[in-house]
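Every chain is numbered from 1 and lettered A, B, ... according to where its sequence line falls, protein lines coming before strand lines. Everything quoted here is computed from the prediction, not taken from an experiment.
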Amino acid sequence: MMSEPITPEEVTHVAYLARLRLTEDELSRFTEQLGAVLTHAADVEALELDDVEPMSHPLPVENTMREDAPQPMLKPSDFLNEAPAVEDGRFLVPKILGEQP
Amino acid sequence: MTSAIPDHYQSASSIAANVASGEISAAETLEQYLNQIEDNEKDVHAFNLVTIDEARALANEIDKLVSKGGNPGPLAGVPVAIKDNLCTRGIPTTASSKILQQWKPPYDATVVRKLKEAGATIIGKTNLDEFAMGSSTENSAFGPTRNPHDFSCVPGGSSGGSAAAVAAGFAPIAIGSDTGGSIRQPASLCGVVGVKPTYGGVSRYGLLAFASSLDQVGPFANSVKDAAIVHEVIGGFDPLDSTSIKEAPSPFTDLLGQGINNLKVGVIKELMGGIDGISDEVIARANEAVTALSNAGAQVEEVSLPAALYCLSAYYLIAPAEASSNLSRYDGVRYGLRVDGNNLNEMNINTRTEGFGDEVKRRIMLGTYALSAGYYDAYYGKALKVRRLLAENFADLYKDYDVLLSPTSPCTAFKIGEKVSDPMTMYVNDVCTIPSNLVGHPAISVPFGIGSDGMPIGIQILAPPMNESVMYQVAETLEQAGT
Amino acid sequence: MSPEIFKENWELVVGLEVHAELATTTKLFCGCLNQFGNEPNTNVCPVCLGLPGSLPVVNEKAVYFAMQLGRALNCTVNRSVFARKNYFYPDMPKDFQISQYDLPTNSDGRLDLPNGITIGIERAHIEEDTGKTTHIGTSGRISGADYSLVDYNRAGVPLIEIVTKPEIHTIDQAKAYVSELRAILLTLGVSDAKMEEGSIRVDANVSIRDIGETNLRTRCEIKNVNSLKSLGRAIDYEANRHIGLYENGESPKQETRHWDENAGRTRSGRSKEDAEDYRYFPEPDLVPLNPSKETITKIDQELPELPAERRKELLDLSGAKPSDIALLVERNHDSFATETITSGGSPNQVIKHLVNNLPDGLGQLTPQTLAQLAQMEEEAKITNTQAKKILEELVEQGGNPSNIAAESGFEAIDTSEVENLVDELITSHSDEWERFCAGEKKVQGFFVGQIMKATSGQADGKLINQILNERSAKK
Ligand SMILES: [Mg+2]
Ligand SMILES: [Zn+2]
């Protein structure tokens, strides 16, 4: 295993992916704490599990679906009042820098 | 005062019977509990919000129905405290996070709707670790909840407010959510009964997601029977939750009072000293529980659950991974907090940086890392495989045993501030409860005496999926032996 | 087959990703209406607004449509698992898109183009659409906007994303692929497939390589293409951009680019910081879809005849031009044509009317009435112009073509009657007749005009010419 399970650079990158900003202080603290969890997780990383089927779901349920039938919808007043900023019945957001990926 | 434990708990079933017969009104019952809250809530801080007006209105409705001769339902007039990560229409639902900024949902969670339909009086929203991430209820944006047995101690978490509310006599019933032990561990630390149902047994619709494949909603109560009754009310198929189970389980109260003669109980040796960090005192008490069950006629044997050794690691990869995605929606666009910025990206970052607490940030980053390109297979992928191994271990054991037993929490309630700065130490609190979440099986924590510090100890009974009736049967026997 | 040359020594390599909105009544994961054109944020609920605590439940009709399309594209229909694609963007209420990743509903199919070329289909998976963002500011574009407004009516609308293998090597093939896919979507009725209204959207993965080279070079994904014409222009622009870079000793970097229709160029769409890392993982709120063998057999049995078969059938029956046949299949008029022809309508007349005179629909017309009309025309009982007038009436009100002809005074003039009139005219105008026989074409008009005058325009022009030619040949 690596001596450092996660670097400050990786933590900075991950924070950006998660839309979080860290102070210098937080960066070193979180790097250490995440490192401790990942070091503990190294026992799992080391397991030989090639033939084991991953289990993303606790129960073997399949094919739960609903009919293509309309259900009651919300009135705009039910949720627009809770929005930080609204214009003409739409949610207002600041200037977007890039196109949708 | 340093504690707030009432002399006597009223059972939910007796309240409902009295309200239905007209002997004591729902309104009168409610006032008794509101008085208790009035007296001790400032010390305990179990609630983010006590919904006095709404509760009085609900109680009056029930009384009106009773006076007209209507059927008020199995929880008629029973005050119920709701964990503040379950949606309540028009009533702030915060997950104890600044980022939701007193958000008022336009809908009720299915569980809340079912409780109201059963005649319950929703009394308020209880405190929790922010977004249910924690084991002490210290990670709340609104301050910690204190253990009613000793105000200097934590109530456990994340459903610490709900556990404390029941222990302090603020409500006979509370609802919590359990992702890695968040009902059972605080139940154990507060000396009440707490149940994590079979995954899919209770609808998650309206539960603010932490880790979707692990989260389950369940009851806190002062008795096993009350827990089973409430579980009956909130459980069942919900077409709004794709992961809810269509088949109806056998009624949870069916086997109560039957004794446990000839039932087979396996005692998980990995959780009885096999894994470091479980206190000797707790193990000793668990062994007394084993003796009690054996005296009651059960066949008790030590069994091995080898994958239990890896559960903590697997859990702390899977749960944060799902959480990192579930919590992306708190971006300042549609509801809750917005901290402005020069552009969308800045606004997103400012909002999330200011709105989330440290523990939530830690888990979001951990989960983002575990899912990110290059690390998925080593971390998240492997964790999912451990989960399969664990499920196979359990399936093998349930060929021979009706239920399994372990302690609920590795220790009794610890001091406020004692563990909060060291995440890894805190995470170890979940070591006994996590296995049931990873495989979706039901488990219950039953109070079983106290430790040398005078604080409660809980014993956990684990059962196969959809087999809660036998879980309640064994838990009731233990409950009787413990008192 | 020799490789197609795009330019000098370069071969074009294109893979297409087509997103088609499925024509369900409700959205993919909630019971909100899947409807276009309503007031903003009126077709929404906690689920498609991504409100905390809400959960998705799959629409069975969307899944059925997706599997139908899969089988129509000769795909294997698999056990499938929904996955979350994580990235922040305000038109996505949950800041992740529910899509399918390593286990899509359909995989490994093919689509045969009308010209015989086969395009491999990699996969066709189900996913949810995003909301709609409007950029407010002087330019109306994303850059230069002051702020944006978001409407979630479209959020959660079911999409099927059909991904080809990188097996398209010309712009015409790319366009033909999209046309054929549209025809299939329309035949199945699973999508409105209107490119201009955005109910189908095409992204093109474009790269370039040396002729004969077998590996794939860096590709760029071109988005925001709104018509077949701009698809062609966008691919052409992007391919040339790549060639330009390679010829300068540089190479393109893999990225998403956006087609700017007005500027006629593609533009890089994202900032450098946003290296794409979608952190796909299985959607824990949904369970796998696992259709039984019986379900798939049933889908196969219920599959309607596909455009290729339909075109072949009509071609065999009518012998008409392939482009006319393709048009009729697209309009869904091919079975009408077949029935009309088998009821005795002459193929030429039937196809001609359906292609040219009936673009707006068939109204009250039936195969039997059109067959009769075509017959009358074929037998020269009525003229072209008269046939068109009768047709209009048949579309509007229905009825019997010969009755309409009689009521309109389009009484057929007997061939022998026209022959008599021609012969009389030849005798009375021998000068003109000599000139006609000498090949002076303009006198032909004189003869036709005179006969038309004598018959009040009811004689068939073609018949007159035919008689004139017979007479002059005999002379
Ligand atoms: Mg897609
Ligand atoms: Zn909706």
Check B:Leu462 against B:Ser436 and note the closest heavy-atom contact, atom names and distance. CD2-OG, 3.2 Å
Show which side-chain atoms of residues 85-96 of chain A pair as donor or acceptor with protein atoms under 3.5 Å away, not counting sequence neighbours.
from	atom 1	to	atom 2	distance (Å)
A:Glu87	OE1	C:Tyr147	OH	2.9
A:Glu87	OE2	C:Tyr147	OH	2.8
A:Arg90	NH1	C:Thr134	OG1	3.2

Name the member of A:Asp43, A:Asp78, A:Val61, A:Leu34 that forms the most heavy-atom pairs with chain B at distances under 4.5 Å. A:Asp43
Can you see which heavy atom on B:Pro465 is nearest to which on B:Pro442, and at what distance? CA-CD, 3.7 Å
Would you mind telling me which of B:Lys104, B:Glu354, B:Met347, B:Lys361 has the largest number of heavy-atom pairs within less than 4.5 Å of chain A? B:Lys104
Note: B:Ser313 and A:His40 closest approach over all heavy atoms is OG-ND1, 2.9 Å
Does any heavy atom of chain B fall under 4.5 Å from the side chain of A:Leu22, the backbone, both, or neither of them? side chain
Shortest non-hydrogen contact from B:Thr353 toward A:Arg21: OG1-N, 2.9 Å
Which region of B:Ser324, side chain (C-beta onward) or backbone (N, CA, C, O), has a non-hydrogen atom less than 4.5 Å from a non-hydrogen atom of chain A, or is it both or neither? neither
Side chain, backbone, both or neither: which part of B:Ile318 has a heavy atom under 4.5 Å from chain A? neither
Cationic N near anionic O, under 4.0 Å, B:Arg388 to B:Glu392: no
Heavy-atom contact with chain A under 4.5 Å, split by part of B:Tyr427: side chain
Parallel, tilted or perpendicular: which one describes the rings of B:Tyr369 and B:Tyr379, with boundaries at 30° and 60°? tilted
How long is the gap from OG1 on B:Thr433 to CG on B:Asp178, to the nearest 0.5 Å? 6.5 Å
Using non-hydrogen atoms and a 4.5 Å limit, figure out which bit of A:Glu53 sits close to chain B: side chain, backbone, both or neither. both
Residue B:Leu214 versus chain A: region with a heavy atom under 4.5 Å: neither
For B:Phe210 versus B:Asp215, what's the shortest heavy-atom pair and its separation? N-OD2, 3.0 Å
So which part of B:Ala378 gets closer than 4.5 Å to some heavy atom of chain A, the side chain, the backbone, both or neither? both
B:His441 vs B:Tyr398 aromatic rings, parallel, tilted or perpendicular, using cut-offs 30° and 60°? tilted
Could you check which of B:Leu389, B:Val386, B:Val333, B:Ile245 has the highest count of heavy-atom pairs closer than 4.5 Å to chain A? B:Val333
Name the option with the most non-hydrogen atom pairs under 4.5 Å to chain A; the candidates are B:Asn350, B:Leu309, B:Leu390. B:Asn350
Would you call the rings of A:His57 and B:Tyr199 parallel, tilted or perpendicular if under 30° counts as parallel and over 60° as perpendicular? perpendicular
Give, as side chain, backbone, both or neither, the part of B:Asn342 having an atom under 4.5 angstrom from any heavy atom of chain A. backbone
SB check A:Glu32 A:Arg29 (cutoff 4.0 Å): no
Which portion of A:Leu47 sits near chain B, non-hydrogen atoms under 4.5 angstrom: both
Which atoms of A:Glu26 are under 4.5 Å from chain B, going by heavy atoms: the side chain, the backbone, both sets, or neither? side chain
Turns out that what part of B:Arg363 lies under 4.5 Å from chain A's heavy atoms comes down to neither
Given a strict heavy-atom distance threshold of 4.5 Å, which part of B:Thr425 is in contact with chain A: side chain, backbone, both, or neither? neither
Region of B:Thr351 in contact with chain A, defined by heavy-atom distances below 4.5 Å: neither
Choice from B:Asp422, B:Leu344, B:Leu438 maximising heavy atom contacts with chain A below 4.5 Å: B:Leu344
Counting heavy-atom pairs closer than 4.5 Å to chain A, which one of B:Ala370, B:Gly440, B:Ser242 comes out on top? B:Ser242
